[in-house]
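Bear in mind the structure is a predicted one, so any value in this text is a computation, not a measurement. One is the number of the first residue; the rest follow in order along the sequence.
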Amino acid sequence: MRILFSVLLVAFLGACAGTPPLRGTGDLALIIERASGHVTLANTSSRQPYARIGGLGDLSHASAVYSRDGRYAYVFGRDGGLSKIDMLAGRVVKRIIQSGNAIGGSISQDGRIVVAQNYKPGGIKAFDAETLELLAEVPAEYAPGQFSKVVGLADSPGNKFVYALFDAGEIWVSDFSDPRRPVTQRFPAGQNPYDGLVTPDGRHFLAGLFGEDGVAMLDLWQPQQGARKILEKYGRGEEKLPVFKMPHLRGWSVAQGKAYLPAIGRHEVLVVDVATWQEVGRIPVRGQPVFVMARPDGRQVWVNFAFPDYGKVDVIDTLKGEVVSQLAPGKGILHMEFTPRGENVWLSARDDHKILIYHTENLTQIGEITADAPSGIFFSSRAQRIGF
């Protein structure tokens, strides 16, 4: 019996040697290294990396979403690559090339469908989250032979996906209740919607308009009413600044019944009453805002900027309604991500080849992670959020 026990113990230890260490999925991070086709995986509690994965293609404008349990990340590359990554094992499960030019994706409410949005060919494609088998495609053909770039793709309740067609000036809603036979509704939106978001309750889809003043909004509870224009007069009659980088709406912020949005081409953050969707204020900032992101408790809003101010970050106190701190954390601050309860914020400093970690109360740096030209930072806590 002793000999048998020893043999079994050796076999068990040998098996364990090839098994990744046990870790939970709730506090993990995926960092895009945009220039090298790599991602770095890190633990947000220990603030340390634990794996680096290469061979993921063009990650110059990459994004990621998570499976419901947070174990798998789906990375959408600019070259049309879709990669499924096991966050626990630190390896690529499967990688496919699904288009010629892609710019992000989303995952369904039930976690069974992963959808990629494409510039070329214009449209969306739906894949089985387990196998990456192609389930269906919705070409963005808005007129005979004319296809639009798709932007702002977001999941919404009922296994529906909402997105904007930049060239067509429309918002489309595709229902994937039957994953192989999606049903799509079309709504006129305005000139050149450039990005979109779903509100945290899943009710409204907002598409920022680049070709005209205003934002298009669709009530997903009452889509039959069509998209309506809000904030129509913002910027009208004023001299517009050149736009050095398109702002991102996906990181929008809601605090105390107000939404904080980046103003296109202006050195301002727009404040909107979410009950009436009327502008109620503007907060001057040091550059053209790209991401305007709220700490989870809503007390702070952190803002980064387009060139030439992309080494700066402004911190807004939402109670005071003004910038209370002006930081210069590093070179090329491209993205920000708050830990789930907001005690820390991670900043990607592309030109310093680092992730900088700040304490949000005293605004001091408490850590850093080396990464090759980092851009997007995606925490596994996104798995539990609508529109992320």
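- Take D317 and apply the salt bridge (charged side-chain N to carboxylate O under 4.0 Å, His left out) test, not counting sequence neighbours, and it matches R299.
- For the pair R23/L28, a side-chain contact is recorded, criterion being any heavy-atom separation below 4.5 Å from C-beta on.
- The two residues D175 and G158 have their closest heavy-atom pair at OD1-O, 3.8 Å.
- Between Y66 and T25, the closest side-chain pair of non-hydrogen atoms is not below 4.5 Å.
- Screening residues 74-130 for ring pair (Phe, Tyr, Trp, His ring centres under 6.0 Å), with sequence neighbours left out, gives no hits.
- Remark: R91 CZ to K84 NZ distance equals 9.5 Å, nearest 0.5 Å.
- By the 4.5 Å heavy-atom criterion applied to side chains, W277 and L206 are counted as neighbours.
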task = Verify salt bridge (charged side-chain N to carboxylate O under 4.0 Å, His left out) between R286 and D309, making sure each step is shown before the conclusion.
result = CA-CA 7 Å; R286 288 186 291 170; D309 300 304; over 6 Å; no
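- R385 CZ: 12 or fewer foreign heavy atoms inside a 6.0 Å radius.
- At a threshold of 4.0 Å, the pair D128-K94 does not count as salt-bridged, since none of the basic side-chain nitrogens sits closer than that to a carboxylate oxygen.
- Both tests do not hold together for K312 against F305: distance to the six-membered ring centre under 6.0 Å, angle to the ring axis within 45°.
- Under the 3.5 Å distance criterion, the side-chain polar atoms of Q365 are matched with a main-chain donor or acceptor of G367.
- Of the possible donor and acceptor atoms, none in the side chain of H204 sits under 3.5 Å from a partner among the backbone N and O of L218.
- Hydrophobic clustering, with ILVMFWY side chains joined whenever heavy atoms are under 4.5 angstrom apart, groups W172 together with L153.
- The side-chain contact (heavy atoms from CB on, under 4.5 Å) test applied to F147 returns P139, E141, not counting sequence neighbours.
- Between V75 and I32 there is a side-chain heavy-atom pair separated by less than 4.5 Å.
- In this structure the side chain of V138 never reaches within 4.5 angstrom of the side chain of V115, judged on heavy atoms.
- At a cut-off of 3.5 Å, with distance as the only test, no side-chain donor of T339 or N344 sits close to an acceptor on the other residue.
- If you chain together hydrophobic residues whose side chains sit under 4.5 Å apart, I31 and Y50 never meet in one group.
- The hydrophobic cluster containing F176 also contains L135, counting ILVMFWY residues as joined when their side-chain heavy atoms lie under 4.5 angstrom apart, directly or transitively.
- By the criterion of side-chain heavy atoms lying less than 4.5 angstrom apart, applied directly or through intervening Ile, Leu, Val, Met, Phe, Trp or Tyr residues, I386 is not grouped with Y163; the two fall into different hydrophobic clusters.
- Using a 4.0 Å cut-off between charged nitrogen and carboxylate oxygen, R203 and D201 do not count as a salt-bridge pair.
- Considering all non-hydrogen atoms of both residues, L56 and S83 come closest at CD2-OG, 3.6 Å.
- For the pair K160 and Q185, the minimum side-chain heavy-atom distance is 4.5 Å or more.
- Between the side chain of S148 and the main chain of D167, a donor-acceptor pair closer than 3.5 Å is present.
- Looking only at distances, no side-chain donor or acceptor of H61 sits under 3.5 Å from a matching main-chain atom of I103.
- Taking 4.5 Å as the limit, every side-chain heavy atom of Q300 sits out of range of all side-chain heavy atoms of S325.
- Within the 3.5 Å criterion, the main-chain N or O of F166 finds a donor-acceptor partner in the side chain of N192.
- Residues L334 and R34 meet the side-chain proximity criterion, which asks for heavy atoms closer than 4.5 Å.
- The minimum heavy-atom distance between G298 and T318, with the atom names listed, is O-OG1, 2.7 Å.
- The cluster map of Ile, Leu, Val, Met, Phe, Trp and Tyr, joined by side-chain heavy atoms under 4.5 Å apart, puts F379 and W302 in different clusters.
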task = Take D155 and R68 through the test salt bridge (charged side-chain N to carboxylate O under 4.0 Å, His left out) and record every step on the way to the result.
result = CA-CA 13 Å; D155 60 280; R68 284 165 61 102; over 6 Å; no
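- With hydrogens and angles ignored, the 3.5 Å screen pairs no side-chain donor or acceptor of D314 with any backbone N or O of V303.
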